[in-house]
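In this text, all values refer to a predicted model and were calculated from it rather than measured experimentally. These values consider heavy atoms only, across backbone and side chains, with no hydrogens, waters or symmetry-generated copies.
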Amino acid sequence: GESVGLHLPTLSVQEGDNSIINCAYSNSASDYFIWYKQESGKGPQFIIDIRSNMDKRQGQRVTVLLNKTVKHLSLQIAATQPGDSAVYFCAEKTDARDMRFGAGTRLTVKP
Amino acid sequence: GAVVSQHPSRVICKSGTSVKIECRSLDFQATTMFWYRQFPKQSLMLMATSNEGSKATYEQGVEKDKFLINHASLTLSTLTVTSAHPEDSSFYICSARDLRERGDKYQETQYFGPGTRLLVL
């Protein structure tokens, strides 16, 4: 099957805690993965990406982990801040197919 | 970084009218742009791929005669919702593909516009 849009799950964390957002993808041929952040009423904003020849990539306060065996992707946000509150989407892509978005997770940061 | 704009940001129209949404890449040329639709509390659904100088490629279930796409230049794609009905009310988002040479390879990045909120009464 294909990752398609579904109703959003939610994650609520305390300010300063670490957040882990998970994503399962379905296409074993996908070789490029991206995490996007979408604030209310705005377009998606690129956060971090990873290619299938890697299993971990770090950015500023964010880390993406890729487990190709179980087709699982995660986004870790360190020291979560109120400004991190948004909906987070993973997206997958192959050379032969354009980007497809996962279901998304709404992150709420409590002060 | 690259910027993609959309116009209008919000539009309200009467049922039966047509609405045109513009997507522009402001500081790079994009041979390929994408149109997505997003309903409340849902993910982005790819509607079509817009290719400069050729016909758009529509996803299964998207009516090409209802959602007209024109990609007349390397910086502009337009989506026209024809004979809009209330069920077409949604958040429409475009993105543009930026291809840059990195040594002997090309790096592809997709930049998203801010979206257009369409409300059909």
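- Heavy atoms from other residues, nucleotides or ligands lying under 6.0 Å from CD of A:Gln60 number 12 at most.
- In this structure, B:Phe34 has its ring center no closer than 6.0 Å to that of A:Phe101.
- Contacts between B:Gln38 and chain A at a heavy-atom distance below 4.5 Å involve the side chain alone, from C-beta outward.
- In this structure, CD on B:Gln110 lies 12.0 Å from CG on A:Asp49, to the nearest 0.5 angstrom.
- Annotation for A:Met99 and B:Leu46: closest pair O-CD2, 4.3 Å, computed over non-hydrogen atoms.
- Side-chain contact check for B:Leu44 versus A:Gln38: some heavy-atom pair is nearer than 4.5 Å.
- Both A:Tyr88 and A:Val62 are assigned to one and the same hydrophobic cluster, defined by single-linkage of ILVMFWY side chains at heavy-atom distances under 4.5 Å.
- Residues B:Met45 and B:Val120 do not share a hydrophobic cluster, clusters being chains of Ile/Leu/Val/Met/Phe/Trp/Tyr side chains in contact below 4.5 Å.
- Neither the backbone nor the side chain of A:Gln45 has a heavy atom closer than 4.5 Å to any heavy atom of chain B.
- When all heavy atoms of B:Ser43 and A:Ala103 are compared, the pair lying nearest together is CB-O, 3.8 Å.
- Remark: A:Lys68 NZ is packed, more than 12 non-hydrogen atoms of other residues, nucleotides or ligands lying under 6.0 Å away.
- Of the atoms belonging to A:Phe46, not a single heavy atom falls under 4.5 Å from chain B.
- Annotation: B:Arg10, atom CZ; neighbour count of heavy atoms from other residues, nucleotides and ligands within 6.0 Å does not exceed 12.
- Hydrophobic clustering keeps B:Phe91 apart from B:Val19 (ILVMFWY residues linked when any side-chain heavy atoms are closer than 4.5 Å, directly or through intermediates).
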